[in-house]
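First comes the structure, then the notes that go with it.
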There are 2 protein chains.
Amino acid sequence: MLHDPAQLDLMFQALADPARRQMVDRLSRGPASVSQLAEPLAMSLSAVVQHLNLLEASGLVRTQKVGRVRTCQIEPKALRAAEHWINERRLSWERRLDRLGDFLAETKDET
Amino acid sequence: MLHDPAQLDLMFQALADPARRQMVDRLSRGPASVSQLAEPLAMSLSAVVQHLNLLEASGLVRTQKVGRVRTCQIEPKALRAAEHWINERRLSWERRLDRLGDFLAETKDET
DNA sequence: GGAAAACTGAAGCAGTTACTTAACTATTGA
DNA sequence: TCAATAGTTAAGTAACTGCTTCAGTTTTCC
């Protein structure tokens with residue numbers, strides 16, 4: 001479910017915007033309401049809600065409304081999925097370099 | 001240099017597109033020419049070059065031209081920077097949860 | 001009950017993005 | 001030399017994004 005390419009797409013797309021990354025950054029320090037998320041951002045509350053909806057659709061953030069306040073928090077599992085995608089590609093590349101290094105070392109021995 | 005917010009912005013933006021992620025994925029298995037990168041993608045070579053230029057500007061991919069062939073390879077340091085940004089936020093959240101857990105366990109002892 | 005607080009949703013708009021096609025510029029190899 | 005290969009660049013366009021404003025809806029609290 002979390003490695004579903006469509007979900008991954010939404011996550012990376014969500015992380016591509018600086019305002020949304022700032023919101024994730026804020027939430028990494030603890031839950032916050034929509035207004036609290038909006039406070040440091042130079043845009044209307046409405047714009048923040050639109051960003052938040054994207055973050056929620058991507059799975060990166062979970063929200064729940066109690067009374068008139070929507071409280072938001074990070075979903076670490078989703079962050080881990082994005083992290084994992086990058087990590088796998090990087091490791092794949094680095095393992096390839098290692099094998100190449102071994103090969104070169106071996107062929108050098110054979111002189 | 002790699003933790004420069006502008007560079008991070010370019011990286012996440014580059015990773016937001018499925019075609020570009022597919023290119024990164026291909027490159028994680030080894031270097032490739034522009035045509036080789038284009039081969040599995042349902043778009044013109046010109047479009048691929050445009051994607052590649054973005055990937056290069058973001059620092060995720062390095063290319064060098066020999067003769068008429070441009071060979072592309074992954075820049076693991078850049079991947080690591082993106083990975084690191086996500087990882088820091090996730091850990092920050094998870095450490096917060098741990099502290100909260102400890103606190104709740106302690107106050108429970110005091111009954 | 002009624003004002004204030006905390007959102008929410010729709011419409012509109014300017015700027016950006018992801019393509020396309022078409023016209024190029026090297027390189028290579030027969 | 002000259003055709004094919006590999007890539008590049010520019011111009012145009014359709015769709016998508018990131019806002020804005022404005023007009024709601026719920027809750028809360030006096």
Side-chain angles (χ1 to χ4, degrees), chain A residues 5-27 30-75 82, chain B residues 5-27 30-75 82:
Chain A
Q7 198 69 13
L8 214 56
D9 218 88
L10 288 173
M11 278 191 272
F12 278 113
Q13 216 161 124
L15 290 173
D17 187 87
R20 286 192 294 265
R21 276 207 312 284
Q22 207 178 323
M23 291 165 75
V24 168
D25 188 49
R26 166 63 189 80
L27 289 175
S33 70
V34 178
S35 319
Q36 285 174 329
L37 276 183
E39 197 262 322
L41 298 171
M43 65 181 73
S44 72
L45 191 63
S46 184
V48 172
V49 171
Q50 289 171 59
H51 281 305
L52 183 56
N53 289 340
L54 254 177
L55 283 170
E56 194 167 21
S58 79
L60 287 166
V61 166
R62 201 149 35 89
T63 76
Q64 66 192 107
K65 197 155 185 175
V66 176
R68 60 184 166 178
V69 180
R70 172 144 74 138
T71 306
C72 314
Q73 48 179 258
I74 274 196
E75 185 54 75
Chain B
Q7 198 69 13
L8 213 56
D9 219 86
L10 288 174
M11 278 191 272
F12 278 114
Q13 216 160 129
L15 289 174
D17 186 88
R20 286 192 295 264
R21 276 209 309 289
Q22 206 178 322
M23 291 166 75
V24 168
D25 188 48
R26 165 64 188 82
L27 289 176
S33 70
V34 177
S35 320
Q36 285 174 329
L37 276 182
E39 195 263 322
L41 298 170
M43 65 180 73
S44 71
L45 190 64
S46 180
V48 172
V49 171
Q50 289 170 61
H51 280 306
L52 182 56
N53 289 341
L54 254 176
L55 283 170
E56 194 167 21
S58 79
L60 287 167
V61 166
R62 203 150 34 89
T63 76
Q64 66 193 104
K65 197 157 183 173
V66 176
R68 60 186 168 178
V69 179
R70 172 142 76 135
T71 306
C72 315
Q73 50 180 252
I74 274 195
E75 185 53 75

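Because only heavy atoms are used, hydrogens play no part in the values below, and waters and symmetry mates are left out as well, while side chains stay in. Below, chains carry the letters A, B, ... as their sequence lines are ordered, and counting in each starts from 1.
- The CD atom of B:Q7 sits 8.5 Å away from atom CG of B:L60, with the distance rounded to the nearest 0.5 Å.
- Atom CG in B:D17 sits roughly 9 Å away from atom C1' in C:dT17 (whole-Å rounding).
- Nearest to the side-chain atoms of B:H51 among the listed nucleotides D:dC19, C:dA18, C:dA4 stands C:dA18.
- Mapping B:V34 and A:V66 onto DNA chain D by nearest heavy atom places B:V34 at the nucleotide closer to the 5' end.
- At distances below 3.5 Å, not a single donor-acceptor pair connects side-chain atoms of A:R20 with backbone N or O atoms of A:L15.
- Residue B:Q13 places at least one side-chain N or O under 4.0 Å from the OP1 or OP2 atom of C:dT17.
- Atom-to-atom, CG of B:L55 to C1' of C:dA18 comes out at 14 Å; the value is rounded to the nearest Å.
- A:S44 comes within 4.0 angstrom of a nucleotide base, judged by non-hydrogen atoms across all strands.
- Atom CG in A:N53 sits about 14 Å away from atom C1' in D:dT17, given to the nearest Å.
- In this structure, CD of A:Q22 is placed 15 Å from C1' of D:dG18, rounded to the nearest angstrom.
- Phosphate proximity of C:dA6 to A:K65: absent, as no side-chain N or O sits under 4.0 Å from OP1 or OP2.
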I would like to know whether A:R26 and A:E39 meet salt bridge (Lys or Arg N to Asp or Glu O under 4.0 Å); could you show each step before the answer? CA-CA 11 Å; A:R26 166 63 189 80; A:E39 197 262 322; over 6 Å; no
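- Side-chain atoms of B:S46 and base atoms of D:dT8 include no donor and acceptor less than 3.5 Å apart.
- Using a 4.0 Å cut-off, some side-chain N or O of A:R20 falls inside it from OP1 or OP2 of D:dG18.
- Following rounding to the nearest Å, A:L45 (CG) and D:dT21 (P) show an atom-to-atom distance of 13 Å.
- Among all heavy-atom pairs drawn from B:F12 and B:A82, the shortest one is CZ-O, 3.8 Å.
- Rounded to an integer number of Å, the gap from CG of B:L52 to P of D:dA6 is 16 Å.
- Regarding A:D9, its CG atom lies at a distance of 11 Å from the P atom of C:dA18, rounded to whole Å.
- Residue contacts for B:S33: at a heavy-atom cut-off of 4.0 Å it reaches the sugar-phosphate backbone alone, with no base atom in range.
- When the side-chain nitrogen and oxygen atoms of A:S35 are compared with OP1 and OP2 of C:dC7, one or more of them lie within a distance under 4.0 Å.
- For B:R68 against C:dA26, a side-chain-to-base donor-acceptor contact under 3.5 Å is absent.
- A straight line from CE of B:M43 to P of D:dA14 spans 19 Å, rounded to a whole angstrom.
- Taking only distance into account, the side chain of B:Q50 meets the base of C:dT20 through a donor-acceptor pair shorter than 3.5 Å.
- Under the side-chain contact (heavy atoms from CB on, under 4.5 Å) test applied with A:M23, the options A:V61, A:L54, A:L52, A:I74 reduce to a single match, A:L52.
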